Protein chains: 2
Amino acid sequence: MGRSQADKVETHEKIVRTAARRLREEGLLGVGVADLMKEAGLTVGGFYKHFESRDELVAEALASIESAWEPAVADAKAKAIPDAKIFVRLVDGYLSEEHRDAPGAGCVFAALSGDLARGGEKVRRVGTRKLLRGLELLADLFRGPRAGARATAIVTYSALVGALSLARIATDDKDDALSREILTTVARAIKSWAAAR
Amino acid sequence: MGRSQADKVETHEKIVRTAARRLREEGLLGVGVADLMKEAGLTVGGFYKHFESRDELVAEALASIESAWEPAVADAKAKAIPDAKIFVRLVDGYLSEEHRDAPGAGCVFAALSGDLARGGEKVRRVGTRKLLRGLELLADLFRGPRAGARATAIVTYSALVGALSLARIATDDKDDALSREILTTVARAIKSWAAAR
DNA sequence: ATTATCTATAGATCTATAGATAATGC
DNA sequence: ATTATCTATAGATCTATAGATAATGC
């Protein structure tokens, strides 16, 4: 009790980081303020010195989520890896069993598309901004005219989000053959389609 | 008060129908028992004579949702409409603004993928069964060997679900240009890809 | 007599606030 | 003196149950 202002910034970031993970794991309605504070190592009383409301934390947590593509593409470009190869890596990473099994650290659209669509204007605006950035990142990896690259990015992103969403549903506790089939089938199709266009 | 057993069956179905719509609109956690009963024209007290728990209603409501594809494909086949044309109609209907704006009457995956993935085994099993049936319906519309048709169905379904999910997020209250771009771009790509394969 | 639905409410949980406590920072 | 966090709790909301009411159905 009684901490410095510097500590408060750290505390604030820790709450946001915890929320960014837990909200993707449990859905935007699936986790309460007290639970989030406890997981951040705090108690519920301090919450409203950091945020005006639960909704404000949700918006801030969503806005804080940076796409894993951002640093991955930057690193690969810096190493002069060809765009086509970078694209293959993104697709394989996105449609991996690791990503499927770690929604809290993964794509915000695959984890929360329904919640985002149902959300208020603030939440949908954050989602739209992230979507536009993701499309830009993808389109930059495709050859040819800008319009065609953007269309390819839209189709690719849709297939990625849909495949991961369905693969997460098809996870039977015993057998996830269907789930793996979805991941591998869509990964192969996207890669060959993008290469051949 | 005091109704016949025949009425009770009707009441039960009305609750399930109301839940099937409202849960797709608000998410599996977004609507309470009292609200659902009120919308079905009832009060909360009678609920537990129909269902053991809220979870049981959720499972029953999800199981009751029949894909719009089921009767559409059956009708079209009865009229000897070519498979390729049936497929085009399914895609255009799925990626329409009407479907986007009516989640309560639409695809359960686009509306609830996150909730289904996070759901208990019962919920995920219902989802997986519906997914398998949808893939079967789609695959039956494609020419050639069974394995290839199934793969095409998986890729198609993923792109459909992903595109509709993203189109629902991108609905700015003022301008939905991006949303419409996603719908039309993915519809065109799916149709030409499936025709050319 | 049985039962389908109603009103009323118990008990749990969730958001938000009040007031206490123990540090920081002028 | 200020403030970052804590404990405690008010008030709202949600699931589930108890008991009353008014029909059905033997």
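These numbers come from a predicted model, not from an experiment. A, B, ... follow the sequence lines: proteins, then strands. Residue 1 opens every chain.
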Check this for me, if you would: do [X] and [Y] make a salt bridge, where the nitrogen-to-carboxylate-oxygen distance has to be below 4.0 angstrom?
X	Y	answer
D92(B)	R89(B)	no
K14(A)	E10(A)	no
R100(A)	D176(A)	yes
R143(B)	D83(B)	no

Nearest of [options] to any side-chain atom of [X]?
X	options	value
T43(B)	dT24(D), dA4(C), dT7(C)	dT7(C)
V44(B)	dT5(D), dT24(D), dA8(C)	dA8(C)
Q5(A)	dT3(D), dT5(C), dA16(D)	dT3(D)

Sugar-phosphate only, base, or nothing, as touched by K49(A) at under 4.0 Å among non-hydrogen atoms: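 Contact class for K49(A): base.
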Parallel, tilted or perpendicular for W69(B) and Y157(B), by the 30°/60° rule? tilted
Can you tell me if NZ on K77(B) sees more than 12 non-hydrogen neighbours from other groups inside 6.0 Å? yes
Between dA16(D) and Y48(B), is there an OP1 or OP2 to side-chain N/O distance shorter than 4.0 Å? yes
At under 4.0 Å, does any side-chain N or O of T11(B) touch on OP1 or OP2 of dT5(C)? yes
Whole-Å gap separating [atom2] ([N]) and [atom1] ([X]):
X	N	atom1	atom2	result
F47(B)	dT7(C)	CZ	C1'	18 Å
D7(B)	dT24(D)	CG	P	9 Å
H12(B)	dT3(C)	NE2	P	17 Å
K8(B)	dC6(C)	NZ	P	13 Å

Dot-bracket for DNA chain C, 5' to 3', with Watson-Crick and G-U pairs under 3.5 Å, [ ] for crossing pairs and | for other-strand pairs: what is it? ||||||||||||||||||||||||..
Applying the side-chain contact (heavy atoms from CB on, under 4.5 Å) criterion to L112(A), which one of V123(A), I65(A), L62(A) satisfies it?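 Answer to the side-chain contact (heavy atoms from CB on, under 4.5 Å) test with L112(A) among V123(A), I65(A), L62(A): L62(A).
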Counterpart residues, salt bridge (charged side-chain N to carboxylate O under 4.0 Å, His left out), relative to D140(A) (two or more places apart):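 So D140(A) forms a salt bridge (charged side-chain N to carboxylate O under 4.0 Å, His left out) with R146(A).
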Residues two or more places apart in sequence or in another chain: which of them pass salt bridge (charged side-chain N to carboxylate O under 4.0 Å, His left out) with E26(A)? R22(A)
Using a cut-off of strictly less than 4.0 Å between a heavy atom of the residue and any atom of DNA chain C, enumerate the qualifying residues of residues 14-40 of chain A by number. G32(A), V33(A)
Using a 4.0 Å cut-off on heavy atoms, which residues in residues 50-58 of chain A reach DNA chain C? List them by number, or say none.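 Contacting residues: S53(A), R54(A).
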Taking only residues at least two apart or on different chains, which pairs with a member in residues 147-157 of chain A satisfy salt bridge (charged side-chain N to carboxylate O under 4.0 Å, His left out)? R150(A)-E181(B)
Report the C-alpha separation of V33(B) and F51(B) in whole Å, then their side-chain angles, then the decisive distance to 0.1 Å, and conclude whether the side-chain contact (heavy atoms from CB on, under 4.5 Å) test is met. CA-CA 11 Å; V33(B) 169; F51(B) 309 95; over 6 Å; no
